[in-house]
Trainee: 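Mind looking over this structure? Questions follow.
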Amino acid sequence: MDLKSRHLDIFKMIVETFFETGEPVGSKKLVEAKNLDLSSATIRNIMSELEKQGFLEKPHTSGGRIPTTFGLEYYTKYIAYNPKKFFNRSLNDILIKKRLSVDTTLDEAANLISKMAHFTVVATSNNKDEKLKSIQLTPLDMQSAVIVIVTSSGNVQNKLFDFEEGIELNDLRIAIRLFKERLIDTPMIELATRAKALLPLFKERIGNYERLLERFIKTIFVFEEKTQNKTYNKDAMILSKNISREELVGLLELIEKHSVWSTIENNLDEDNKIKLDFSRENLNIISKRIDFENDKNIKEISIMGPKNIDIEESLETLDLLSILIKKGDN
C-alpha cells in the first residue's frame, strides 16, 4: 500500500516520535515536537485517514495514536530498511571510541551495542557445518596421551586417551595419521560414522584395531548437532515494565531452546534473510540469518525490544554485527 507524500512524512514523524517517547502521539504534540507548519486540525485529519488505512490505532478513546503492527511492518519495510546502509554514525562513533576493530569479537560488539540501544541481542550458533581441520597426538606418559582436535570454527578440544592392554603408542600414532589422511574436512557430527568406514585400513596396519577404533568412536569422535543461543543484555527484557511474567517465561524458553529466526514466518527481505515478528503484544523481534563461505557456527543474530524499539537502529545493528563477524571470519 502506497501513502501520499505528505501522509508518508507525517506517518514517519508519528512512528519516530512514538519510538522516542513510548507514548501515544497526539496532533498537538507532533506539531510542537517537529515544529510543523501545519495546524493540529490538519494533522488530526491525516491521523484519522492513517487510522482508517490500518497504519495507526488509538489505545484509548481519547488521546493520541500509536502505530499498529501493520504500520510498524510498513515503516520497517518501506521507510527504515536500506540493505546498502550498514550502520549509523552514532553506532560507528561509539565503536571507534571503544577501539573495536574488524577483529572485534561478537561478545564485545553485542554487549556494547545492546546496552547502548537498550535492547536484547541473541546470537544463535549451530555446529552442523563445523568440520575437522586438525587432529594431533601428544603423549603424556606410558599410560596416557592427549588427542588435540581443531575445528573449522577455531574450536580446540583436548581429549584424554588412556592406553589399555593391547593398545600401544605406535598403534595410536598410525591411527592419527590415518585420520589425518582420510577425515580432514569431514563434518564433526559425521566423524564417528566416517571412522567406521576405515576399519579395513586399520585391520591392515594396526594391532588390536577393533578396540582402538571403538575407543575413538565412543570417546573421541563424540559430536552431536547442537543449536545454542547466547543472549546479551537480557535485563532489557527482564526489567521491562511492559512484558508480563508469562510473556517473559515464553521468551526465555524461546531464546534458550530454539532458533529465533526459524520461528518467524514474516520475511522482510528474503535475499538478505531478515525476518520480523511484530505480532506480540509488548515486544518486537527482528532476526537475520548469516551465511558464511567458511564454516562458522554463528548462524543468526536476533534483536528483541519493546514496541517502541528504534527499528532503523535495530536493522543497522544487525548489519553491523554480521559485518564484524564476517570480517573476523576472513
Side-chain angles (χ1 to χ4, degrees), residues 1-36 38-81 114 117-120 233-252 254 260 263-266 268 275-287 302-315 317:
M1 186 186 298
D2 291 328
L3 289 174
K4 299 175 185 177
S5 178
R6 187 165 71 166
H7 285 51
L8 184 64
D9 291 339
I10 296 301
F11 176 64
K12 182 175 183 290
M13 293 178 192
I14 293 169
V15 174
E16 291 172 352
T17 302
F18 173 67
F19 290 163
E20 292 168 6
T21 65
E23 300 291 336
V25 181
S27 57
K28 185 177 179 181
K29 180 191 293 185
L30 190 67
V31 169
E32 293 173 352
K34 300 299 182 181
N35 195 25
L36 298 178
L38 294 170
S39 68
S40 295
T42 300
I43 298 299
R44 278 197 299 274
N45 289 335
I46 294 175
M47 284 181 163
S48 180
E49 291 181 34
L50 289 170
E51 187 176 355
K52 290 177 183 176
Q53 291 176 297
F55 291 95
L56 301 177
E57 63 182 353
K58 271 189 174 184
H60 308 291
T61 53
S62 61
R65 293 170 172 84
I66 63 173
T68 61
T69 296
F70 170 75
L72 287 173
E73 290 178 353
Y74 184 94
Y75 175 88
T76 304
K77 292 179 181 179
Y78 302 111
I79 299 175
Y81 183 57
S114 61
H118 307 294
F119 50 53
T120 298
N233 197 24
K234 191 184 293 184
D235 285 352
M237 289 192 308
I238 295 175
L239 300 178
S240 173
K241 296 178 181 178
N242 295 322
I243 300 177
S244 69
R245 184 58 50 184
E246 184 178 352
E247 284 179 298
L248 182 60
V249 170
L251 288 171
L252 292 177
L254 170 65
V260 178
T263 63
I264 302 174
E265 296 181 1
N266 188 358
L268 165 64
K275 290 184 176 182
L276 312 171
D277 184 356
F278 292 168
S279 64
R280 299 169 186 268
E281 185 176 355
N282 296 306
L283 185 87
N284 288 336
I285 302 176
I286 305 174
S287 186
S302 305
I303 287 177
M304 299 181 175
K307 280 295 183 182
N308 66 318
I309 187 174
D310 189 315
I311 294 174
E312 186 172 9
E313 189 171 63
S314 301
L315 291 167
T317 297

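The residues of the chain are indexed from 1 along the displayed sequence. Keep in mind that this is a model prediction, so the values were computed, not measured.
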Trainee: Quick check against the 3.5 Å criterion: does T120 have a side-chain atom that pairs as donor or acceptor with the backbone of N233?
Mentor: yes
Trainee: Mind checking the CG-NE2 spacing from D310 to H118? Nearest 0.5 Å is all I need.
Mentor: 11.0 Å
Trainee: Could you tell me whether the side chain of I10 reaches within less than 4.5 Å of the side chain of E49, counting heavy atoms only?
Mentor: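 Contact flag for E49/I10 side chains = no.
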Trainee: About how many Å separate CZ of R6 and CD1 of I46, when rounded to the nearest 0.5 Å?
Mentor: 4.5 Å
Trainee: Any side-chain heavy atom of M13 sitting closer than 4.5 Å to one from V25?
Mentor: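 Of all side-chain heavy-atom pairs linking V25 with M13, none is under 4.5 Å.
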Trainee: Mind checking whether F11 and L56 have side chains closer than 4.5 Å, heavy atoms only?
Mentor: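 Of all side-chain heavy-atom pairs linking L56 with F11, at least one is under 4.5 Å.
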Trainee: Can you name the nearest heavy-atom pair linking F70 to G54, along with the distance?
Mentor: CD2-O, 3.4 Å
Trainee: Go through the side-chain N and O atoms of N284 and K307 and say whether any donor and acceptor fall under 3.5 Å apart.
Mentor: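 Yes - a donor-acceptor pair under 3.5 Å links their side chains.
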Trainee: Report the C-alpha separation of E247 and L283 in whole Å, then their side-chain angles, then the decisive distance to 0.1 Å, and conclude whether the side chain to side chain contact (heavy atoms under 4.5 Å, CB included) test is met.
Mentor: CA-CA 9 Å; E247 284 179 298; L283 185 87; 5.9 Å; no
Trainee: For a quick test of reading the model, state the closest non-hydrogen atom pair linking I264 to S287 and the distance between them.
Mentor: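 Between these two residues, the closest heavy atoms are CD1-CB, 4.0 Å.
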Trainee: Work out which heavy atom in T317 is nearest to a heavy atom in F119; give both atom names and the distance.
Mentor: OG1-CZ, 3.8 Å
Trainee: Between F278 and Y75, is the ring centre distance below 6.0 Å?
Mentor: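 No: the rings miss the under 6.0 Å criterion.
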Trainee: Identify the heavy atoms of P59 and G64 that sit nearest to each other, and give their distance.
Mentor: CD-O, 3.6 Å
Trainee: Starting at NZ of K234, measure out to CG of L248 and round the result to the nearest 0.5 Å.
Mentor: 9.0 Å
Trainee: Which distance, rounded to the nearest 0.5 Å, do you find between the CZ of R44 and the CE of M47?
Mentor: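 Answer for the CZ-CE pair, R44 versus M47, is 9.5 Å.
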Trainee: Do T68 and Y74 make a side-chain contact, defined as non-hydrogen atoms from C-beta onward lying under 4.5 Å apart?
Mentor: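 No. Closest side-chain heavy atoms not under 4.5 Å.
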Trainee: Is a salt bridge present between R65 and E51, judged by a nitrogen-to-oxygen distance below 4.0 Å?
Mentor: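 Judged by the 4.0 Å cut-off on N to carboxylate O distance, R65 and E51 do form a salt bridge.
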Trainee: Could you give the distance from CD (E16) to CG (L30), rounded to the nearest 0.5 Å?
Mentor: 10.5 Å
Trainee: Rounded to the nearest 0.5 Å, what's the gap from OG1 on T17 to CD on E32? Could you check?
Mentor: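 Separation between the atoms: 11.5 Å.
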Trainee: Can any side-chain N or O of T76 pair as donor or acceptor with the backbone N or O of L72 at less than 3.5 Å?
Mentor: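 Answer holds: yes.
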Trainee: Please examine the side chains of I285 and T263, heavy atoms only from C-beta on, and report whether any two atoms are closer than 4.5 Å.
Mentor: no
Trainee: Measuring only between side-chain heavy atoms, which start at C-beta, is E73 closer than 4.5 Å to N266?
Mentor: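 They are in side-chain contact.
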Trainee: Apply side chain to side chain contact (heavy atoms under 4.5 Å, CB included) to the pair L254 and M304, showing each step before the final yes or no.
Mentor: CA-CA 12 Å; L254 170 65; M304 299 181 175; 4.1 Å; yes
Trainee: I want to check something: taking the side chain as every heavy atom from C-beta on, are N308 and T21 in contact at a cut-off of under 4.5 Å?
Mentor: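 They are not in contact (no side-chain heavy atoms under 4.5 Å apart), so the answer is no.
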Trainee: On a heavy-atom basis, which atom in S314 and which in I286 lie closest, and how many Å separate them?
Mentor: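 Closest approach of S314 to I286, heavy atoms only: CB-CD1, 3.9 Å.
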Trainee: Of all the heavy-atom pairs spanning I311 and A80, show the shortest one and how long it is.
Mentor: CG2-CB, 4.3 Å
